[in-house]
Amino acid sequence: MSVNENKPLPLIYQFIAGAVAGVSEILVMYPLDVVKTRMQLQVADSAAGRHYTGVINCLKRIVVEEGTSRLYKGISSPVLMEAPKRATKFACNDEFQRIYQRLFGAKELTQPITMLSGASAGCIESFVVVPFELVKIRIQDVSSSFKGPIDVVKHIVAKEGPLAMYNGLESTIWRHAIWNSGYFGIIFQLRALLPKADTKFQQTRNDLIAGTIGGSASSLLSTPFDVVKSRIQNTAIVPGVARKYNWSWPAVLTIYREEGFKALYKGFVPKVLRLGPGGGILLVVFTGVLDFFRTLQK
């Protein structure tokens, strides 16, 4: 728990800290996001021999068959997304905590309020990330021939219409509401259980532990909606043609019925390998940047 956490900061500082934390996390963990997307998009053994059997197999084959640079293909879109995405996540979460405390007349922050605030922040965050996520998914697909993010946007707007840039919004809301609710709720509980932090090192240790466990558990809860989101966003909108994947819960049932329960957790290993430690990195950097701003105000 931050030794300075009782000193509130203006909203702009929350945005800046969230942005710095998000970019730091994506630069370190992005290759695992590429692997996660590849595994989520495969629906069966490919006749072209494209089926990936696991995280290591996928990483090796991408490097050998496509080059190391492919592990970072499409990173410009998530980097541009991370600043507003994480800034919105943390800033809105803190703001919703204050709103719900006043609304429910709570003098102290509670875990239910923390979870509700996280879910609310996740819903707002979804509107920010959907276009960037859509572009990223289309580029990361193994069969993608797009030259870059601008090429993807031009193609989608021309072929599917401007509103198609928000394809997958509903599934993204489910994913982010569930992930944020679990992430912030678990962090709140673990911070109370972990030894009190009297030094900066102890604070960093606690934040790394709480953020990593929170990110891992939240990934377990939200992965089925992440799989659905990837499938929906990788399906082009064609007038007059019914889409196989459209709304979240029907898509979950379709995947379960055709591919089994395990298919709802495709890409889980790279996802949790990224968002477990990534959740720790997020919290450590976010807290560190806020503490830095607090020292400037002394």
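By convention here, the first residue in the shown sequence is residue 1.
- A donor-acceptor contact shorter than 3.5 Å is absent between the side chain of Arg191 and the backbone of Asn206.
- Tyr245 and Ser171 share no donor-acceptor pair across their side chains, judged by distance under 3.5 Å alone.
- Considering CZ of Phe225 and CG of Leu264, their distance stands at 9.5 Å, rounded to 0.5 Å.
- Less than 6.0 angstrom separates the ring centroid of Phe184 from the ring centroid of Phe90.
- A search for side-chain hydrogen bond (donor to acceptor under 3.5 Å, both in side chains) contacts involving Lys85 returns nothing, not counting sequence neighbours.
- Ile113 contributes atom CD1, which lies 12.0 Å from atom CD1 of Ile99 (distance to the nearest 0.5 angstrom).
- A donor-acceptor pair under 3.5 Å is formed between the side chain of Ser126 and the backbone N or O of Thr172.
- Between the side chain of Tyr265 and the backbone N or O of Leu220 there is at least one donor-acceptor pair closer than 3.5 Å.
- Checking side-chain atoms of Ser218 against main-chain N and O of Trp179 turns up a donor-acceptor pair under 3.5 Å.
- Between the CZ atom of Arg98 and the CG atom of Asn93 there is a distance of 10.0 Å, given to the nearest 0.5 Å.
- The backbone N or O of Asn167 sits less than 3.5 Å from a side-chain atom of Gln233, completing a donor-acceptor pair.
- Using a 4.0 Å cut-off between charged side-chain N and carboxylate O, Asp151 and Lys154 make no salt bridge.
- Remark: Glu160 does not engage Arg243 in a salt bridge, criterion side-chain N to carboxylate O under 4.0 Å.
- Side chain of Gln202 to main chain of Asp198: a donor-acceptor pair is present (N/O by atom type, distance under 3.5 Å, no hydrogens or angles).
- Distance check: Ile75 CD1 to Tyr30 OH gives 6.0 Å after rounding to the nearest 0.5 Å.
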